[in-house]
Amino acid sequence: MRIGVLTGGGDCPGLNAVIRAVTKSLIGQCGAEVIGIQDGFEGLLGDTPQTLPLDWQRVSGILQTGGTVLGTTNRSNPLRDEAATRQCLANANALGLDALVVIGGDGTQSIAHGLADRGLPCVGVPKTIDNDIAQCERSFGFDTAVATAAEALARIETTAMSHRRVMIVETMGRHAGWIALEAGLAAAADVILLPEIDYDIEAVAAVCRAREQRQRYTVICIGEGAKPRGGELTVQGLVPSSHDPVRLGGVALVLREQLQMRLSSEVRATVLGHVQRGGMPTAFDRVLATRFGHRAAQLVRAGEFNRMVTLQGGELGSVPLADVAQRQRTVPADHPLLVTAREIGVSLGI
Ligand code: F6P
């Protein structure tokens, strides 16, 4: 067997752990040859495929490292036109691939689904710090992003306290508030604003005013996809060649302006950005990524293609790629963590 492996979309802590587990399982359990495809689907779109042979030695020592040894991009889509799709399939064929393990988020899994429909056997592995992939309750990388954001919030709190300021911290997560919610709870944020709940600026200002009297400072954690009631998303820019071209970012600065005109305290904003995606994965993510990679290799060996590895109810499983493509898992209105937040006095901005 000759199996290709690629990482697509934004990078994420734990990618190397998956690459390692896929490679070691396939070599160890069935003597397969494993070929890394470089820079996501980009590596299958040129005249010659760009590859990196993966053997036992190449994947040793990468478990704890951030980023991806294969490189990645969220700018290249082989389904963008028929010529690109054909080029991609021809390159996979020229490499003699029996299957392709595709490690990526919802956009990348949609591409895998499209290629699978065109005859390339694919197995998906869900990846994203945003934790927003349909049918998967926990993706690797999320725990690391939450830990990084929570640490940043805790650091911001001591400076908020010292200066009696209102400090706003913006997390990533696109249209899902999982990072903001868990990091906010982990770091005792006073206000947590999520994309799923449009905030009322007067309600947020009222919390800060009340705290000006008593605690004298306020820490607000806001997800990048949050917006004020009746307002718009804050878009940082567009990447036209990307599967999902809209890049969010900067809502913390919008909120800062809105609050500053309503409060006597000084209001400051910090956008955490890509620091949440970089660096060493937590032990939890290293284990989850290893389990995902191993399960992907099992699916390949069993010939169960066009499926994505999942985690549901704490158990590993798999679902058809068709059930994942073009869907996102956001925070439901009745999620237990929202109830916990409300009942311990955290404001959700409404
Ligand atoms: O999907 C992961 C993510 O980090 C999002 O949270 C964020 O909105 C986006 O990627 C940023 O993408 P880029 O690296 O292209 O700026």
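When a ligand or atom number is given, it counts from 1 through the structure's own listing order. All residue numbers in this chain count up from 1 along the given sequence. If you're wondering where the values come from, they're calculated on a predicted model, not measured in any experiment.
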- Message: Taking side-chain hydrogen bond (donor to acceptor under 3.5 Å, both in side chains) as the criterion, tell me which of Arg174, Arg327, Lys127 meets it with Asp106.
- Response: Arg174
- Message: Looking only at the side chains, is there a donor atom on one of Thr65 and Asn16 sitting less than 3.5 Å from an acceptor on the other?
- Response: yes
- Query: Should the pair Arg229 and Tyr199 be classed as cation-pi, given the thresholds of under 6.0 Å to the six-membered ring centre and 45° from the axis?
  - Reply: no
- Polar contact flag, side-chain donor to acceptor under 3.5 angstrom, Glu42-Gln50: no
- Message: Distance under 4.0 Å, heavy atoms only, partner ligand 1: which residues pass?
- Response: Asn74, Ile129, Asp130, Met172, Gly173, Arg174, Glu224, Arg247, His274, Arg277
- Task: Kindly indicate, with the supporting measurements, whether the criterion side chain to side chain contact (heavy atoms under 4.5 Å, CB included) is fulfilled by Asp190 and Val346.
- Result: CA-CA 5 Å; Asp190 309 300; Val346 177; over 6 Å; no
- Would you check if there is a donor-acceptor pair between the side chains of Gln298 and Arg295 at a distance under 3.5 Å? yes
